[in-house]
Amino acid sequence: MKKLYTLILTMLVMSTLPSAAQLVELPHGAVPEEYTLRAVQYNSTPSGWQQTLREENIFVAFVGDDVYVRGLACWFRESYVRGHFNDAGDIVFASGQYVGSDDYGPEYLIGLLVPTNDGDDYTLTDYIFKFDEEERTLTLDVSCIIGESGASNLTDQLYDYIDTAVLTPGKLPLPPTVELPTGVETETWYLSAMQDGDQVIRPLSVGFDGDDVYVQGLCEYLPQAWVKGFMNSNERATFESGQFYGQVEGTNLYFLGYDGFQVKDVEFRMNREQGWMATEDFVVLNASDSEFDPFIYYSEVELSRSVPQPNVLVEVPNGLSSEEYLLTAKNNIYNEGDPKKGIPAGYEQEDYSATVRIAFDGKDVYIQGLSSDCPDGWAKGTLSNDGGSVTLPCGQYLGSFQSTYSLYPYYLVATDAEGNFADLRFSYNAQTHTLSSEQDIYINASRLYLNYYYWFTDMVMQAAPDVAATPAMPLFKNFVFTGTNNPYVEVRIPSYDTNGTIISQSKLSYQFLTSIDEDVQPLVFTSFDYVDMQEDMVEIPYTFGREWRYDFYDNYSNTDDKTVYLHFPDEDVRTWQLLGVQSIYRGGGEVHKSEIAWYDVEAYFELNGINSVQSSEKAAQIHDLQGRRMQAEPQRGIYLIGAKKVIR
């Protein structure tokens, strides 16, 4: 991936570099010879410099004492650089020759003199190839490397470099390509995948030959190229990584699998009878048969005999009003278990609650918020003729979640008693405004097979009453502060009141407070420190972390659990004695606040050896439930010592 990061090196500026950004042109009438380049290529990646073996065809032209080479530049393979023979018979190339421009700006090939001692600076230099007149080979001098830079005389924009380069006459022999066996019949299937945040849909060909499966059209640059897989069973197929597609503009392209961490074979789930194949691996069009060096890559790759549905969001008619409903369900979560403690692996059920919005437009029914990761997405259903049920078609697209590497789609699906995909059916009571379903309902990653983010049972949606309520007291789950980075806290903000009744999440918020020498003040989260805030905030809406905002994160399985980063100066944090969190509920025209949950920050500092601004004589402190420090030994009552309530 081009230019993700730059290598920062201290370099000396050479005054002899060319000042004009002009491409080198091959003299009229000169005929270049085909050569093979073999070198070690280093590309900048998020985790540092990545090393790959570079083997490809390039061109060399000898014109008198001048030598022209096309293909040394990684990103501008059609550009030439010019060198000349010196008295020793070596070929010297001036550093800083311009090779082209793109969206990142101009680029130059520069020579770097390898330092003789570790820790010494690299310096710019002309780079030299030793020339073997008998073999007609060019070998890069070991004293230098060749880099591709955004500046002709500086290397703080170094994107890649090569060393141990050897140019040999003759064309690089190409690896064999996959051929479809004679007589194998093919049928038209369709690819659906995510690429650079967009859905790709296009036809391709699939053929079966015993346990072998052949696919043509995965490589968009070489649509006639085939790859071959082996069916391990009727439900699985493996495609070996490193299969050769062919060559594009002198670059070899390979089929490669990647899981986000390492190169691997691509494992497909499949159902030949139903006509689909799908993988959770990345499928890469790659410049190497073994190292991750992508041109492009696909995620959420699915092949199907039927034409895929495009990912189009449901649109609600303009002006249609919606009402707030409270959703409750059982969230089924897989627990890995702990054999040492005798805890078996298996599924566990947790209570799940959320706020959704429902709109009725004749027999059309719209529901928003079924996926907490895509809270703005709508699903559309139909009210039955008797008004007693609502049916939502299976496979509706709810939105996508953007990660570092890809965009992951979310679909609404359900299953029948046999485990097959089925439409979602809710019983509807118009008098109580309640929808309920006994089906297994999934927020899923595919329309073809079960690969879910969430699995719900016993789902009920009921119109939210606008009543006053006192929210239950929050809970501190964790506090982390190293003394060098901003702290973060993990808290539980219950979405129910003190009686255990589910309350509207859209009317629920929370705030943090600090207590310093009994002075209790709310924390102010500023738009300057938090990129997702349009204005300063004291109260944080319960749903604020639902859209995967920076610094505010909901737990994926229980949105009551929240992680909040506290971007406040370290010197201020060290003055905190107690940190509190309090819920606030606005319903029925009233405002009610929960009890404050307090965390003893000063005790945490002492336990972890972090210097606090507080004096040492305040080491062991006891506070009441309002955060006030007790001046004398407390009598009977409930007090806060550390992060725990203690009864005396």
Side-chain angles (χ1 to χ4, degrees), residues 2 23-27 30-43 50-63 65-85 89-93 97 99-100 107 109-112 127-148 159-178 219 221-222 225 242-256 285-295:
K2 186 178 181 183
L23 288 172
V24 172
E25 294 185 3
L26 186 68
V31 179
E33 304 175 37
E34 204 159 21
Y35 268 64
T36 295
L37 166 66
R38 291 180 174 87
V40 178
Q41 176 86 35
Y42 296 84
N43 288 89
Q50 184 181 74
Q51 174 182 327
T52 58
L53 179 64
R54 181 175 169 187
E55 289 187 320
E56 60 188 56
N57 297 320
I58 65 172
F59 294 89
V60 179
F62 296 89
V63 183
D65 288 336
D66 291 332
V67 180
Y68 296 81
V69 179
R70 189 185 84 182
L72 277 182
C74 178
W75 301 107
F76 296 92
R77 286 179 164 85
E78 299 302 309
S79 297
Y80 279 94
V81 290
R82 183 180 64 190
H84 66 277
F85 282 100
D90 300 328
I91 306 172
V92 181
F93 290 81
Q97 296 186 57
V99 291
E107 293 187 16
L109 276 191
I110 60 175
L112 304 175
Y127 48 96
I128 299 174
F129 279 89
K130 301 291 185 180
F131 181 66
D132 186 316
E133 188 172 357
E134 181 177 348
E135 300 292 336
R136 296 184 62 76
T137 59
L138 291 78
T139 304
L140 182 64
D141 193 282
V142 295
S143 65
C144 57
I145 60 177
I146 304 172
E148 195 165 352
Y159 306 129
D160 57 76
Y161 64 92
I162 60 173
D163 64 7
T164 61
V166 178
L167 281 63
T168 307
K171 188 175 183 179
L172 180 71
L174 297 178
T177 57
V178 175
C219 179
Y221 298 119
L222 298 164
Q243 298 182 60
F244 180 58
Y245 282 123
Q247 200 171 60
V248 175
E249 296 183 355
T251 300
N252 292 349
L253 287 185
Y254 299 88
F255 169 88
L256 207 73
L285 305 186
N286 206 60
S288 167
D289 63 350
S290 58
E291 301 289 341
F292 186 62
D293 187 13
F295 269 52

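All values derive from a computational prediction rather than experimental measurement. As a basis for the values below, the full set of heavy atoms in this structure was taken, side chains included, without hydrogen atoms, waters or symmetry mates.
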Between [X] and [Y], which heavy-atom pair has the shortest distance, and what is it?
{"X": "Thr36", "Y": "Arg38", "answer": "CG2-NH1, 3.4 Å"}
{"X": "Pro32", "Y": "Ala61", "answer": "CA-CB, 3.9 Å"}
{"X": "Leu256", "Y": "Ser290", "answer": "CD1-N, 4.4 Å"}
{"X": "Val81", "Y": "Leu109", "answer": "CG1-CD1, 3.7 Å"}
{"X": "Pro294", "Y": "Asn286", "answer": "N-OD1, 3.1 Å"}
{"X": "Ser79", "Y": "Leu23", "answer": "OG-CD2, 3.9 Å"}

Once you round to the nearest 0.5 Å, how far does [atom1] of [X] lie from [atom2] of [Y]?
{"X": "Ile146", "Y": "Ile162", "atom1": "CD1", "atom2": "CD1", "result": "4.5 Å"}
{"X": "Gln243", "Y": "Leu253", "atom1": "CD", "atom2": "CG", "result": "13.5 Å"}
{"X": "Leu26", "Y": "Arg70", "atom1": "CG", "atom2": "CZ", "result": "9.0 Å"}
{"X": "Glu55", "Y": "Leu53", "atom1": "CD", "atom2": "CG", "result": "4.5 Å"}
{"X": "Asp293", "Y": "Arg54", "atom1": "CG", "atom2": "CZ", "result": "9.5 Å"}
{"X": "Leu37", "Y": "Glu56", "atom1": "CG", "atom2": "CD", "result": "5.5 Å"}

Side chains of [X] and [Y]: does their closest heavy-atom pair fall under 4.5 Å?
{"X": "Phe244", "Y": "Leu222", "result": "no"}
{"X": "Val60", "Y": "Phe129", "result": "no"}
{"X": "Cys74", "Y": "Asn43", "result": "yes"}
{"X": "Tyr42", "Y": "Asp163", "result": "yes"}
{"X": "Pro175", "Y": "Asp289", "result": "no"}
{"X": "Asn57", "Y": "Gln247", "result": "yes"}

| Would you find more than 12 non-hydrogen atoms of other residues, nucleotides or ligands less than 6.0 Å from Glu25 atom CD? | no
| field | Flag if over 12 foreign heavy atoms under 6.0 Å of CZ, Arg136 | value | yes
| request: Among Phe85, Tyr127, Tyr68, Tyr80, find the one that has a ring-ring contact (aromatic ring centres under 6.0 Å, His included) with Phe93. | output: Tyr127
| task | May I ask you to check whether Tyr245 and Phe295 place their ring centers less than 6.0 Å from one another? | result | no
| query | Hey, which of Thr137, Ile91, Thr139, Leu167 is the one that makes side chain to side chain contact (heavy atoms under 4.5 Å, CB included) with Phe131? | reply | Ile91
| task | Only one of Glu34, Arg77, Glu78, Glu33 passes side chain to side chain contact (heavy atoms under 4.5 Å, CB included) with Phe59; say which it is. | result | Glu34
| query | Between Val69 and Tyr35, is a side chain to side chain contact (heavy atoms under 4.5 Å, CB included) present by the stated rule, with each step listed? | reply | CA-CA 9 Å; Val69 179; Tyr35 268 64; over 6 Å; no
